[in-house]
There are 2 protein chains.
Amino acid sequence: MKTPTIRDVAQRAKVSLKTVSRVINNEPSVRANTRERVQRAIETLGYLPDLSARSLRSATSYALGVVYDNPNAYYVISVQNGVLSACREQGFGLQIHPCDSSSPRLAEELRDLVRRSRLAGLVVAPPMSERMELVRYLAANKIPFVRILSAAEDPADGYPCVYVDDRDAAYEITEHLIQLGHQRIGFLWGGVSHRSSPERFKGYESALKDYGIPLDKKLVIPGDYSFDDGFRGARRLFALRDRPTAIFGSNDEIAAGVLAAAKSCGIDVPYELSIAGFEDSPFSKQSWPALTTAKQNTEEIARHAALRLIAELRPPGDAIAAAYAKNEGFSPQLVIRDSTARARLPAAD
Amino acid sequence: MKTPTIRDVAQRAKVSLKTVSRVINNEPSVRANTRERVQRAIETLGYLPDLSARSLRSATSYALGVVYDNPNAYYVISVQNGVLSACREQGFGLQIHPCDSSSPRLAEELRDLVRRSRLAGLVVAPPMSERMELVRYLAANKIPFVRILSAAEDPADGYPCVYVDDRDAAYEITEHLIQLGHQRIGFLWGGVSHRSSPERFKGYESALKDYGIPLDKKLVIPGDYSFDDGFRGARRLFALRDRPTAIFGSNDEIAAGVLAAAKSCGIDVPYELSIAGFEDSPFSKQSWPALTTAKQNTEEIARHAALRLIAELRPPGDAIAAAYAKNEGFSPQLVIRDSTARARLPAAD
DNA sequence: ACTTTTGTTGACAACGTTGTCAATCAATGG
DNA sequence: CCATTGATTGACAACGTTGTCAACAAAAGT
């Protein structure tokens, strides 16, 4: 009734340990006949390879780590699920590692994590993925990793990544608001520790420029990727003499804060104020009115990142190694819902 | 530059492998002098014990698994963080395992997971924790586990658990609504695969009874723990001739759906309709108006569950084993926010 | 026919750690 | 001073697997 080992399988199939090992690892040079016999023995015994023993013996290991520091539950779960889907497909385990991105010992912490648990590599989410000294440390310590980061194009810095074009999507959102007739569009920044924040601002800035709308600094408010900062920022904008007719919150949480602020001030959304978010978290669908936003397919992005990492681990020439050898870019898609509408005519003011 | 092993430490400290092992594991019978020498060697080399080798050699392992099947990101993250906090404190790793609770092969899947990864035990979240045949299977296969489940009292079925008194909290919420003067209170069910659903209903039912309010079956709507079912259920209630003045949604997502439905019908919350949720997800704070709800401290509950599991693994007499030897109950706390208010007087209708 | 190649298999060591047990040492009691 | 105890230490095997290498058999080339 003990859990069976490779030895039990070998005995039952009347072959050596090594042959069973070969069958398990799909190595060539096993006669079809023998292979089948071993397979049968494996099935009847319900044998499962022991991951500890495996990763102890072989240099290569069978688990990835995913590293994040993000209060946004939806984002984290999406990343986890995306990575997990790739891991399960490729026979890898997954170790999650929430951490404190501001910790000075983070680099060593990650190195130790990889060593202790013999991780094959790390998927690194923002904002850690954007700290170059951390990236260089990992590379210097020969720890395989893939970054998920915000960039308009492949950073081509020699380190593998999957990048998300926040700037382009922010441009589209701003453009959408402009095309609805809005001229005074407020912008609420996300946290500056995230590269996505300035990227989204750049998209906003450049759309205004392309449409010949001057940037009014009073309409741009710093803050964090949080509901509360959205609320506070919106209140500040409402207090302006010439209040904006639309507000672009750097993510859905901020936009939710704006929505709450609008309601608390009796401002009708979308007819008096259009609101756009960013991310397409479930929240944006479930608010009232539902938020116009940019849909980031985080799960798919994370899945791709994991496969990209696994590709790096494979010997060159391998099918996966080939399919995911290059850095890939993703563009969030504009999703128009009910929180944005045509600007009321100035006359009606 | 290779990662140091116990062997390197032994060499440097001029002791045998075994002595180093003893120091690492805090075993007695090492002279203070020797111990210190070894510690120094460990520090200077930056030695870290290899978890694979450890769990391969020793019968006991150093990782827990957490098993869940829940679309609610906030809930899942809270459970993960709670378990993780206990794991880090006690030197355990953590393997997450989202799964499909309706899969007929789930039991074997979990057993295989535990074997392959040499997990010390499982923290099982609802609804898996409530399927007795699964529980019995785990027990029969000598897989240590702790359940998180919904119950008014210790089930005392011999299997360890941490239980949450949903019934009592649902009673309090209903009582709160009644005390605000509501007599017609709608109830939207959660998914029936979760034990918490009937528990919450029982709380609702029994509060009505205690206050002498007859249960009107037309006000009770079946559904799932989802925004959409909240929306649809609310619409059905609004269509009634004698519409309720308050609605109790079985969780915050349902309540959010009710809120959206109310807004889409131009019903003012809370003055025309009070809404209460359950769970205290961030959402409930961030909607407008903020939701009255029952605060489940999921993170603390999960943390306790993990410690309860670790206690089961320890030899009796151990400090943790003693502190967490018994099943513990938790009661969600009523949190009154802005979505509930005094019922308007019938006269004002 | 005999050598060479190719394919298939197994014996053995090794990965880094801990369990077992015996050896050594210091201290205690007679 | 010697026997006895108890604390400290180390040699060795073992956990379950894979890498190395050699043995062997079958197929191919001469």
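Letters A, B, ... are given to chains in the order of the sequence lines, protein chains preceding strands, and every chain is numbered from 1.
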With a 3.5 Å cut-off and sequence neighbours excluded, list the donor-acceptor pairs that the side chains of residues 33-41 of chain A form with protein atoms.
{"from": "A:Arg35", "atom 1": "NH2", "to": "A:Glu27", "atom 2": "O", "distance (Å)": "2.8"}
{"from": "A:Arg37", "atom 1": "NH1", "to": "A:Ala13", "atom 2": "O", "distance (Å)": "2.6"}

Checklist entry - Side-chain donor-acceptor pair under 3.5 Å between A:Tyr75 and A:Gln296, yes or no? => result no

Checklist entry - Is there a side-chain polar atom (N or O) of A:Thr19 under 4.0 Å from OP1 or OP2 of C:dG10? => result yes

Checklist entry - More than 12 heavy atoms of other residues, nucleotides or ligands under 6.0 Å from CZ of A:Arg88: is that the case? => result yes

Next on the checklist: Looking only at side-chain N and O atoms, does B:Gln90 offer a donor or acceptor that is under 3.5 Å from a partner on B:Arg314?
Outcome noted: yes

Item to check | Phosphate OP1/OP2 of D:dT9 contacted by B:Thr34 side-chain N/O (<4.0 Å) | outcome: yes

Please tabulate, one pair per line, all N/O donor-acceptor pairs under 3.5 Å involving side-chain atoms of residues 47-58 of chain B, not counting sequence neighbours.
{"from": "B:Asp50", "atom 1": "OD1", "to": "A:Arg118", "atom 2": "NE", "distance (Å)": "3.3"}
{"from": "B:Asp50", "atom 1": "OD1", "to": "B:Ser52", "atom 2": "N", "distance (Å)": "2.8"}
{"from": "B:Asp50", "atom 1": "OD1", "to": "B:Ala53", "atom 2": "N", "distance (Å)": "3.0"}
{"from": "B:Asp50", "atom 1": "OD2", "to": "A:Arg118", "atom 2": "NE", "distance (Å)": "2.4"}
{"from": "B:Asp50", "atom 1": "OD2", "to": "A:Arg118", "atom 2": "NH2", "distance (Å)": "2.7"}
{"from": "B:Ser52", "atom 1": "OG", "to": "A:Ser55", "atom 2": "OG", "distance (Å)": "3.0"}
{"from": "B:Ser55", "atom 1": "OG", "to": "A:Ser52", "atom 2": "OG", "distance (Å)": "3.0"}
{"from": "B:Ser55", "atom 1": "OG", "to": "B:Leu51", "atom 2": "O", "distance (Å)": "3.1"}
{"from": "B:Ser55", "atom 1": "OG", "to": "B:Ser52", "atom 2": "O", "distance (Å)": "3.4"}
{"from": "B:Ser58", "atom 1": "OG", "to": "B:Arg54", "atom 2": "O", "distance (Å)": "2.7"}
{"from": "B:Ser58", "atom 1": "OG", "to": "B:Thr60", "atom 2": "O", "distance (Å)": "3.1"}

Next on the checklist: If the condition is ring-ring contact (aromatic ring centres under 6.0 Å, His included), which residues does A:Tyr74 pass it with, not counting sequence neighbours?
Outcome noted: B:Tyr74

Next on the checklist: I'd like to compare against my own output: the B/S/- annotation of nucleotides 11-26 of chain C with a strict under-4.0 Å heavy-atom distance to protein.
Outcome noted: B-BBBBBBBB------

Next on the checklist: Taking ring-ring contact (aromatic ring centres under 6.0 Å, His included) as the definition, give me every residue that meets it alongside B:His97, ordered by chain and number, with sequence neighbours left out.
Outcome noted: none

Checklist entry - What is the bend of the helix from C:dA1-D:dT30 to C:dG30-D:dC1 when you compare the axis at one end with the axis at the other, using five pairs each and rounding to 10°? => result 50°

Next on the checklist: Check this for me, if you would: do B:Arg303 and B:Glu299 make a salt bridge, where the nitrogen-to-carboxylate-oxygen distance has to be below 4.0 angstrom?
Outcome noted: no

